[in-house]
Asker: 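Got a structure for you, written out below as structure tokens; questions coming shortly.
To find a chain, count down the sequence lines: A is the first, B the second, and so on, and within it residues start at 1. Hydrogens, waters and symmetry mates are skipped; everything else that's a heavy atom, side chains included, is used.
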Amino acid sequence: MSESVSTPRVRFAPSPTGYLHVGGARTALFNWLYARHFGGTLILRIEDTDFERSSEEMVEGILEGMRWLGLNWDEGPFYQSKRLELYRQTAEKLLASGHAYYCFCTREELEQRRAAAVAAGRPPMYDRRCRRIEKDIAAQRKAAGEACALRFAVPEGGATSFEDAVFGKVEFSNAEIEDFVLLRSDGIPTYHLSVVADDIDMRLTHIIRGADHISNTPKQVLQYRALGVQLPVFAHVPLILGPDKTRLSKRHGATSVIAYKEFGIVPEAFRNFLSLLGWTPGAAGKDADGKDREIFGSDELIRLFSLDGISKSNAVFDNDKLAWFNTEYIRAYDAQKLLPLIEEEWAKAGFTPDRSQDEVLAAINLVKPRARNLKDFAIAFRAYFIDSFEYDPAAVAKFLKDDFVRALLVELAARYESTAEFTEASTEQVLREFAEEKGVKAGALINGSRVALTGQAVAPSLFAVMVNLGKNRVVKRLAAANNVGTV
RNA sequence: GGCGCCAUGGUGUAAUUGGUUAACACGCCGCCCUCUCAAGGCGGAGAGUUCGGGUUCGAUCCCCGAUGGCGCUACCA
């Protein structure tokens with residue numbers, strides 16, 4: 001298929017200095033949505049030119065996060081560490097055209113001057129002293145083996161601006177832009193060079209990335225111009241902040257995407273939640289009553305997504321809202337779809353249900369309206385899937401503390417055992433008649449039974465639970481009511 | 001400090017891009033339902049759009065300033 005200008009090429013370019021964090025995931029998501037919306041191409045590029053801080057383990061973590069969120073890419077992953085030749089060539093071009101120069105200042109000297117500048121109240125920018133060195137002299141010194149970095153020669157006057165798809169026109173005075181390093185003295189490119197070289201080489205049409213890159217953009221624009229290459233469309237997305245409105249960090253809790261998987265969040269729910277952080281479908285997202293809809297499946301998200309809907313202000317990550325999305329998705333999924341996700345949780349909890357597949361699915365459907373996350377199916381709802389489960393002490397204290405009630409439950413077990421029919425109606429009838437006979441409130445027996453049967457104070461309608469568990473289990477667990485809490 | 005960006009209830013966002021009792025969702029509170037807890041139904045509190053000036057018959061919306069927040073300010077990305 002031939003490419004036209006209308007099919008965008010976008011990229012997600014994380015640096016593997018940590019796991020995929022929610023901000024990065026949101027950027028990846030937006031790129032993915034944009035690419036899918038237009039039938040374009042999403043490229044995954046690993047920016048690992050900082051050898052000190054990058055690691056392969058982190059790359060794997062990032063890929064895992066992408067996979068979990070269902071964000072597939074079309075090209076890559078490309079590793080910048082393996083594309084050094086391209087950057088060297090690009091640097092060469094810049095040098096040859098007079099847009100870059102060798103800088104022989106050492107790190108120590110630079111730091112010293114910077115400190116002095118700050119102390120003197122001057123802006124701590126590079127003073128450009130090596131820019132004045134004659135070209136051939138510089139070349140000679142370099143040839144002689146003197147260590148040097150390559151810097152970009154920023155125009156002395158004027159301003160550099162670009163049109164951002166989200167923020168509009170953004171302009172920086174060139175006087176504010178320092179002669180940044182392109183190539184370190186060890187020949188490894190800095191971010192400033194490698195992004196531009198790659199974005200050009202990979203023929204990217206749109207650069208969708210975090211707003212923290214706005215200030216870097218003029219440095220890149222300058223290189224595009226120096227190289228005589230047309231600018232891509234820049235679209236900077238606002239950042240995600242913590243509840244205290246400072247940049248989201250570990251202080252606020254989990255920032256790694258995978259941590260949310262571990263919390264029992266459904267990936268689609270997380271994706272949906274993330275999509276609405278800094279973006280809105282606007283009128284297209286309203287329902288017939290004019291109310292905002294928030295639950296969007298991936299197809300819908302892809303259809304609705306557009307750069308126009310991206311907002312300019314930073315967004316706060318709200319765990320409550322995420323929890324709401326999660327319960328909505330769990331409730332909407334049928335048991336069959338939920339099963340593989342839940343099986344992972346069972347594996348983690350170290351058990352497999354000792355019931356038939358049909359019973360398991362029925363149990364999932366029974367409890368899922370009450371689930372907050374996937375872990376609930378392995379912990380709070382464990383009793384629905386396997387006979388070995390624990391009793392929640394609080395539940396026992398609340399509804400099963402009474403020896404009198406326990407004794408009645410043992411008696412009730414015998415009633416059930418001798419009753420042939422075992423339906424919601426019959427089990428309820430048996431219990432209520434028994435309660436009346438004993439002169440106790442049915443509620444006391446119902447609540448006590450719930451704890452005896454499920455270990456929890458929270459459960460679906462008791463009689464539905466009974467039918468799901470089946471007569472044998474019900475009888476067995478009720479008969480054991482006396483032992484509850486004593487183990 | 002310098003430069004840049006942003007600013008609607010607690011949170012995410014709307015508001016035919018100057019004319020609305022400023023809307024919706026999450027959260028919160030109350031009531032109903034009820035065997036628990038959710039869900040659901042019903043109702044409620046919560047912003048006069050950060051503040052101050054303009055422009056205008058009229059500003060959430062346009063302009064200026066202030067304040068606040070965030071970002072950048074590396075031979076990190």
Asker: Rounded to whole Å, how long is the line connecting atom CG of D212(A) with atom P of C76(B)?
Answerer: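 In whole Å, C76(B) P lies 17 Å from D212(A) CG.
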Asker: Would you tell me if any nitrogen or oxygen in the side chain of T280(A) comes within less than 4.0 Å of OP1 or OP2 on G12(B)?
Answerer: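 So the side-chain polar atoms of T280(A) never come under 4.0 Å of the phosphate oxygens OP1 or OP2 of G12(B).
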Asker: Looking at side-chain heavy atoms only, is the closest gap between H236(A) and D212(A) below 4.5 Å?
Answerer: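 No, too far: nothing below the 4.5 Å cut-off.
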Asker: Identify the nucleotide, in any strand shown, that forms a Watson-Crick or G-U wobble pair with G4(B), with both distances under 3.5 Å; if there is none, say none.
Answerer: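 Pair assignment: G4(B) / C70(B).
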Asker: Can you find a donor-acceptor N/O pair under 3.5 angstrom joining the side chain of T190(A) to the base of C75(B)?
Answerer: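 When only heavy-atom distances are counted, T190(A) does not reach the base of C75(B) through any donor-acceptor pair under 3.5 Å.
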Asker: Using purine N1 to pyrimidine N3 plus N6-O4 or O6-N4 for Watson-Crick, or N1-O2 and O6-N3 for G-U wobble, each under 3.5 Å, what pairs with U55(B)?
Answerer: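 Its partner: none found.
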Asker: Quantified in whole Å, what is the C1' atom distance between nucleotide C42(B) and nucleotide G54(B)?
Answerer: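 Here C42(B) and G54(B) have their C1' atoms 47 Å from each other.
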Asker: Quick one: look up who G40(B) pairs with, Watson-Crick or G-U, both distances under 3.5 Å, and put none if it's unpaired.
Answerer: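 C32(B) is the nucleotide pairing with G40(B).
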Asker: Base, sugar-phosphate, or nothing: which does E171(A) touch, judged by heavy atoms less than 4.0 Å apart?
Answerer: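 Sugar-phosphate contact only.
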Asker: If you check every side-chain atom of H192(A), which of G2(B), C75(B), A77(B) has the closest atom?
Answerer: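 The nucleotide sitting nearest to the side chain is A77(B).
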Asker: Is there a Watson-Crick or G-U wobble partner for U11(B) with both distances under 3.5 Å, and which nucleotide is it?
Answerer: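 A25(B) - that is the nucleotide pairing with U11(B), both distances being under 3.5 Å.
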Asker: Going by purine N1 to pyrimidine N3 plus the second Watson-Crick contact, or the G-U wobble pair, all under 3.5 Å, which nucleotide sits opposite A77(B)?
Answerer: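 Paired with A77(B), as far as the under-3.5 Å criterion goes, is no nucleotide at all.
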Asker: Would you measure the distance from the P atom in A59(B) across to the matching atom in G19(B) and give it in whole Å?
Answerer: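 11 Å, rounded to whole Å.
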Asker: Examine C72(B): is either OP1 or OP2 under 4.0 Å from a nitrogen or oxygen in the side chain of R247(A)? Give yes or no.
Answerer: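 Answer is yes, contact under 4.0 Å.
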Asker: So, is the end of the R83(A) side chain (NZ or CZ) under 6.0 Å from the ring centre of Y79(A) and within 45° of the ring's axis?
Answerer: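 Not flagged: R83(A) not positioned over aromatic ring of Y79(A).
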Asker: For the atom pair OG1 (T454(A)) and CZ (R477(A)), what is the distance rounded to the nearest 0.5 Å?
Answerer: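 The distance works out to 8.5 Å.
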Asker: Is there a donor and acceptor pair closer than 3.5 Å between the side chain of K321(A) and the base of A25(B)?
Answerer: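 For K321(A), whose side chain was compared with the base of A25(B), there is a donor-acceptor pair (under 3.5 Å).
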Asker: Using whole Å, report how far CZ of F317(A) lies from C1' of C26(B).
Answerer: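 Distance, rounded to whole Å: 13 Å.
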Asker: Quantified in whole Å, what is the C1' atom distance between nucleotide G4(B) and nucleotide U11(B)?
Answerer: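 Straight-line distance between the two C1' atoms is 26 Å.
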Asker: If you compare every side-chain N and O of R151(A) against the phosphate oxygens of C75(B) (OP1, OP2), does one of them come in below 4.0 Å?
Answerer: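 R151(A) to C75(B) OP1/OP2: side-chain N or O found under 4.0 Å.
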Asker: Quick check on salt bridge (charged side-chain N to carboxylate O under 4.0 Å, His left out): which of R132(A), K219(A), R151(A), R128(A) does D179(A) satisfy it with?
Answerer: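 In the set R132(A), K219(A), R151(A), R128(A), the residue that makes a salt bridge (charged side-chain N to carboxylate O under 4.0 Å, His left out) with D179(A) is R128(A).
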Asker: Suppose we define a pair by two distances each less than 3.5 Å, Watson-Crick or G-U wobble; what does A45(B) pair with here?
Answerer: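 Pairing partner: none.
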Asker: Nearest to the side chain of R184(A), which nucleotide is it out of A77(B), C5(B), C35(B)?
Answerer: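 For the R184(A) side chain, the nearest candidate turns out to be A77(B).
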Asker: If the C1' atom of U49(B) is compared with that of U60(B), how far apart are they to the nearest Å?
Answerer: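 About 5 Å, rounded to a whole number of Å.
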Asker: Of all the nucleotides listed (A77(B), G12(B), C75(B)), which has the minimum atom distance to the side chain of V316(A)?
Answerer: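 Nearest to the side-chain atoms of V316(A), counting from C-beta on, is G12(B).
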Asker: For the aromatic rings, using the six-membered ring if either is Trp, is the centroid distance between Y126(A) and F180(A) under 6.0 Å?
Answerer: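 They do not qualify: ring centres at least 6.0 Å apart.
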Asker: Report the nucleotide, chosen from G27(B), G71(B), C3(B), that has the shortest atom-to-atom distance to any side-chain atom of F172(A).
Answerer: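 Ranking G27(B), G71(B), C3(B) by closest atom to the F172(A) side chain puts C3(B) first.
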Asker: For a quick check of understanding: with a heavy-atom distance under 4.0 Å over all strands, which category does A459(A) fall into, base, sugar-phosphate or nothing?
Answerer: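 Since a base atom lies under 4.0 Å of A459(A), the category is base.
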Asker: Nearest to the side chain of N216(A), heavy atoms from C-beta on, is which of A77(B), C35(B), G71(B)?
Answerer: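 The answer is A77(B), which lies nearest to the side chain.
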Asker: Please give the nucleotide sitting opposite C61(B) as a Watson-Crick or G-U wobble pair, both distances under 3.5 Å, or none.
Answerer: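 C61(B) is unpaired by these criteria.
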Asker: Look at all strands and tell whether L183(A) reaches a base, only sugar-phosphate, or nothing, counting heavy atoms closer than 4.0 Å.
Answerer: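 Result for L183(A) = nothing.
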Asker: To the side chain of R53(A), which of A77(B), C5(B), G71(B) is closest?
Answerer: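 Selected nucleotide (nearest to the side chain): A77(B).
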Asker: Show the nearest heavy-atom pair for residues L469(A) and A383(A), with the distance to one decimal.
Answerer: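 Minimum heavy-atom separation between L469(A) and A383(A): CD2-O, 3.9 Å.
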Asker: Side chain of N447(A) only, please: which of C70(B), C35(B), G2(B) is the nearest?
Answerer: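 Looking only at heavy atoms from C-beta outward on N447(A), the closest nucleotide is C35(B).
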Asker: Classify L462(A) by what it touches in the nucleic acid, base, sugar-phosphate, or nothing, heavy-atom distance under 4.0 Å.
Answerer: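 Here L462(A) touches the bases of the nucleic acid.
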Asker: Looking at every strand, decide which applies to P14(A) at a 4.0 Å heavy-atom threshold: base, sugar-phosphate, or nothing.
Answerer: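 Nothing, no heavy atom under 4.0 Å.
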Asker: Which part of the nucleic acid, if any, lies within reach of T327(A) when heavy atoms closer than 4.0 Å are counted: base, sugar-phosphate only, or nothing?
Answerer: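 It contacts nothing in the nucleic acid.
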Asker: Starting the side chain at C-beta, find the nucleotide from C35(B), C76(B), C26(B) nearest to F463(A).
Answerer: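 From the listed options, C35(B) comes nearest.
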Asker: Using the C1' atom on both, measure G9(B) against C29(B) and round to a whole Å.
Answerer: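 15 Å, rounded to whole Å.
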Asker: State whether the distance check finds a donor on one side and an acceptor on the other, under 3.5 Å, for side chain R107(A) versus base C75(B).
Answerer: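 Answer is no: no donor-acceptor pair is held.
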Asker: Looking at every strand, decide which applies to E178(A) at a 4.0 Å heavy-atom threshold: base, sugar-phosphate, or nothing.
Answerer: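 Contact class for E178(A): sugar-phosphate only.
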Asker: Using a cut-off of 4.0 Å on non-hydrogen atoms, how would the nucleic acid contact of G210(A) be classed: base, sugar-phosphate, or nothing?
Answerer: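 No contact at all - G210(A) keeps every heavy atom at 4.0 Å or more from the nucleic acid.
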Asker: Counting only side-chain heavy atoms from C-beta out, which of C70(B), C37(B), U11(B) sits nearest to K245(A)?
Answerer: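 Nearest to the side chain of K245(A) among the choices is U11(B).
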Asker: In terms of side-chain heavy atoms of D318(A), which of A74(B), C26(B), U36(B) is nearest?
Answerer: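 The listed nucleotide nearest to D318(A)'s side chain is C26(B).
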Asker: Given the C1' atoms of C35(B) and U20(B), what is the spacing between them in whole Å?
Answerer: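 That atom pair is separated by 47 Å.
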Asker: Say we look at A77(B) and G10(B): how far apart would their P atoms be, to the nearest angstrom?
Answerer: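 The same atom, P, in both gives a distance of 41 Å.
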Asker: Applying a 4.0 Å non-hydrogen cut-off, can you work out what R114(A) is touching in the nucleic acid: base, sugar-phosphate, or nothing?
Answerer: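 The residue R114(A) makes sugar-phosphate contact but no base contact.
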Asker: Classify the ring geometry of Y384(A) against F381(A): parallel below 30°, tilted from 30° to 60°, perpendicular beyond 60°.
Answerer: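 Correct class here is perpendicular.
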Asker: Any side-chain donor paired with an acceptor under 3.5 Å for E85(A) and Q89(A)?
Answerer: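 Yes - a donor-acceptor pair under 3.5 Å links their side chains.
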Asker: Quick one: the side chain of R370(A) and the base of C37(B), do they pair up donor-acceptor inside 3.5 Å?
Answerer: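 Yes, a donor-acceptor pair under 3.5 Å.
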Asker: In whole angstrom, give me the gap between the C1' atoms of C24(B) and A14(B).
Answerer: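 These two C1' atoms come out 7 Å apart once rounded.
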Asker: So, OP1 or OP2 of C3(B): does either fall under 4.0 Å of a side-chain N or O from S215(A)?
Answerer: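 Answer is no, no contact under 4.0 Å.
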Asker: For this output row, return yes or no: ring centroids of F317(A) and Y260(A) closer than 6.0 angstrom.
Answerer: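 Between Y260(A) and F317(A), which both carry aromatic rings, the centre distance is below 6.0 Å.
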Asker: Base of G40(B) relative to its sugar, syn (within 90° of 0) or anti?
Answerer: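 The base of G40(B) is oriented anti (glycosidic angle more than 90° from 0).
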